[in-house]
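Since this is a predicted model, take the numbers as computed values, not measurements. Note on naming: letters A, B, ... go to the chains in the order of the sequence lines (proteins, then strands), and numbering restarts at 1 for each one. Excluded from the calculations below are hydrogen atoms, water molecules and symmetry mates; all remaining heavy atoms, backbone and side chain alike, are included.
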Amino acid sequence: MPELPEVETVRDGLQRHISGRTFADVQVLHPRAARRHLAGPDDLAATLRGGTVGDIRRRGKYLWLPVNDDALIAHLGMSGQLVVGTADQPLTSHVRATFSFTDGGPDLRFVDQRTFGHLAFSPGGAELPAAIAHIAPDPLEPGFDDDRFVSKLRTRRTGIKRAILDQSLISGVGNIYADEALWRAGLHWARGTDALRRTDVLRLLAAIRAVFGEAILAGGTSFDSLYVQVNGQSGYFDRSLAVYGQEGEPCPRCGTPIVREKFMNRSSFRCPRCQPRPRRGRW
DNA sequence: CTGCACCCCTGTAGGC
DNA sequence: TGCCTACAGGGGTGCA
């Protein structure tokens with residue numbers, strides 16, 4: 001999925017295409033899409049009909065559409081898309097929910113091949129849905145407190161990559177941007193959080209923000225058709241990836257071939273020279 | 001608190 | 001051409 005830059009790209013698209021409009025018909029076509037809405041898919045659809053969408057919000061990888069004082073939460077999981085379509089465009093094979101609007105304009109479709117994404121309704125959740133209260137602020141939010149992050153991080157006894165993937169500590173970072181930010185900061189993924197210096201953590205935070213910012217400008221990273229913007233277009237940040245997916249390619253900084261390693265049951269990429277293995281790491 | 005195994009799914013790539 | 005495995009950008013839960 002979609003990590004923060006991709007979700008932000010979708011948020012921006014929804015803001016331009018959906019905000020201010022009123023739901024007419026809502027259809028939840030696949031029950032898994034509403035599995036976190038305990039009252040069920042039909043209740044979710046019925047609750048949304050007639051609601052007017054406010055300014056689209058995001059925290060980390062979660063999106064929400066304020067609907068009056070309430071909110072429609074959307075998480076894209078690994079393969080979710082929110083795309084705008086017109087009535088003459090046939091539904092593709094993995095459409096899980098459709099939304100039409102009272103103005104008769106373009107509709108909204110929730111598409112999700114692997115069904116790890118979900119939709120849910122959060123009563124009173126317009127400002128911050130209760131269902132995502134456990135998600136920490138993301139580093140692009142004004143409310144993100146750098147000092148608080150540094151101190152929380154250093155009380156952990158784990159490796160730095162594991163820590164930045166923990167959405168309750170800092171949100172929005174997934175496997176791709178974790179690797180890119182660690183490379184920019186020159187940190188190995190196993191560096192122990194309790195042994196990191198404050199300057200290391202601040203350098204990493206700056207790297208996360210920089211890579212997020214560049215990726216947002218590029219419209220996100222798309223390896224394939226699974227991730228697209230609301231208009232169906234792909235982002236092009238994949239061309240700027242320094243290490244992720246670059247096994248055997250030269251490090252853009254020193255030329256050393258990038259290595260791929262198994263970590264947390266997935267792949268990690270790093271430069272063995274810029275990001276040397278620590279003597280006493282944690283993983 | 002932390003790690004870890006496992007679950008939810010589908011599709012694709014690569015080896016045989 | 002199959003068949004099989006590994007793997008893919010997430011996150012929640014339950015257990016040790």
Protein-nucleotide distance ([X], atom [atom1]; [N], atom [atom2]), rounded to Å:
X	N	atom1	atom2	value
Y244(A)	dG9(C)	OH	P	3 Å
M78(A)	dA8(C)	CE	P	8 Å
I170(A)	dG11(C)	CD1	P	13 Å

Within the structure, does a side-chain N or O atom of [X] lie under 4.0 Å from either OP1 or OP2 of [N]?
X	N	answer
R35(A)	dC8(B)	no
Y62(A)	dG12(C)	yes
H134(A)	dG12(C)	yes
H75(A)	dG10(C)	no

> How do A131(A) and T221(A) order along DNA chain C: which one's closest nucleotide is nearer the 5' end?
Replying inline: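 Upstream on the strand: T221(A).
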
> Which residues pass the side chain to side chain contact (heavy atoms under 4.5 Å, CB included) test with P250(A), sequence neighbours left out?
Replying inline: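 P250(A) satisfies side chain to side chain contact (heavy atoms under 4.5 Å, CB included) with no residue once adjacent residues are dropped.
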
> Among all residues two or more places apart in sequence or in another chain, which pass the side chain to side chain contact (heavy atoms under 4.5 Å, CB included) test with D88(A)?
Replying inline: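 For D88(A), the residues satisfying side chain to side chain contact (heavy atoms under 4.5 Å, CB included) (neighbours in sequence not counted) are T86(A).
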
> How is the base pairing of DNA chain B summarised as a dot-bracket string, given the Watson-Crick and G-U wobble criteria with both distances under 3.5 Å, [ ] for crossing and | for another strand?
Replying inline: .|||||||.|||||||

> Which pair of heavy atoms, one from K61(A) and one from H75(A), lies closest together, and at what distance?
Replying inline: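 Of all heavy-atom pairs spanning K61(A) and H75(A), the closest is O-CD2, 3.8 Å.
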
> E247(A): what forms a salt bridge (charged side-chain N to carboxylate O under 4.0 Å, His left out) with it, not counting sequence neighbours?
Replying inline: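 None.
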
> Mind checking what makes salt bridge (charged side-chain N to carboxylate O under 4.0 Å, His left out) contact with D25(A), not counting sequence neighbours?
Replying inline: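 Salt bridge (charged side-chain N to carboxylate O under 4.0 Å, His left out) check on D25(A) returns R49(A).
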
Using atom [atom1] in both nucleotides, what's the gap between [N] and [M] to the nearest angstrom?
N	M	atom1	result
dA5(B)	dC7(C)	P	15 Å
dC4(C)	dC8(B)	C1'	22 Å
dC1(B)	dG10(C)	C1'	22 Å
dC6(B)	dA6(C)	P	14 Å

>> Show me the pairs that pass side chain to side chain donor-acceptor pair (under 3.5 Å) and involve residues 205-219 of chain A, at least two apart or across chains.
In response: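 Every side chain to side chain donor-acceptor pair (under 3.5 Å) pair that includes a residue of residues 205-219 of chain A, provided the two are not neighbours, is D146(A)-R209(A), R184(A)-E214(A).
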
> Does anything in residues 104-116 of chain A pair up under side chain to side chain donor-acceptor pair (under 3.5 Å), and if so which pairs, sequence neighbours excluded?
Replying inline: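 As it turns out, the side chain to side chain donor-acceptor pair (under 3.5 Å) pairs with a partner in residues 104-116 of chain A, which skip direct neighbours, are R32(A)-T115(A), S79(A)-D112(A), D107(A)-R109(A).
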
> Between dG11(C), dT13(C), dG3(B), which nucleotide has the shortest distance from any of its atoms to the side chain of R36(A)?
Replying inline: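 When the side chain of R36(A) is considered, dT13(C) is the closest of dG11(C), dT13(C), dG3(B).
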
> Closest to the T158(A) side chain: dT2(B), dG3(B), dG11(C)?
Replying inline: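 Of the options given, the side chain of T158(A) lies nearest dG3(B).
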
> Does N231(A) CG have over 12 foreign heavy atoms under 6.0 Å away?
Replying inline: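 Yes.
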
>> My understanding is that only residues two or more places apart in sequence, or in another chain, count here; which of them pass ring-ring contact (aromatic ring centres under 6.0 Å, His included) with F99(A)?
In response: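 Result, ring-ring contact (aromatic ring centres under 6.0 Å, His included) vs F99(A): F23(A).
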
> Who are the ring-ring contact (aromatic ring centres under 6.0 Å, His included) partners of F116(A), not counting sequence neighbours?
Replying inline: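 Counting only residues at least two positions away or on another chain, F116(A) forms no ring-ring contact (aromatic ring centres under 6.0 Å, His included).
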
> Which part of the nucleic acid, if any, lies within contact of R266(A), taking any heavy atom under 4.0 Å across all strands shown: a base, the sugar-phosphate backbone alone, or nothing?
Replying inline: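 The answer is base, as R266(A) lies within the cut-off (heavy atoms under 4.0 Å) of a base atom.
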
>> So F237(A), base contact, sugar-phosphate only, or nothing? Heavy-atom distance under 4.0 Å.
In response: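 Touches nothing.
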
>> Do the side chains of R162(A) and D166(A) get close enough for a salt bridge, i.e. N-O under 4.0 angstrom?
In response: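 Looking at R162(A) and D166(A), the cut-off is not met.
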
> In chain order, what residues pass the side chain to side chain donor-acceptor pair (under 3.5 Å) check against S234(A), with sequence neighbours excluded?
Replying inline: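 S234(A) satisfies side chain to side chain donor-acceptor pair (under 3.5 Å) with no other residue.
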
Pull out every protein N or O sitting under 3.5 Å from an N or O of nucleotides 10-13 of chain B, one pair per line with the distance.
from	atom 1	to	atom 2	distance (Å)
dG11(B)	OP1	H94(A)	NE2	3.2
dG11(B)	O4'	Q113(A)	OE1	3.3

> Closest nucleotide of DNA chain B for N265(A) versus for R157(A): which of these residues is on the 5' side?
Replying inline: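 Result: R157(A).
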
>> With the criterion set at under 5.5 Å between ring centres and under 30 degrees between planes, would dG11(C) be stacked on F116(A)?
In response: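 Base of dG11(C): not stacked against F116(A).
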
Taking only N/O atoms, report every protein-nucleotides 5-7 of chain C pair under 3.5 Å with atom names and distance.
none

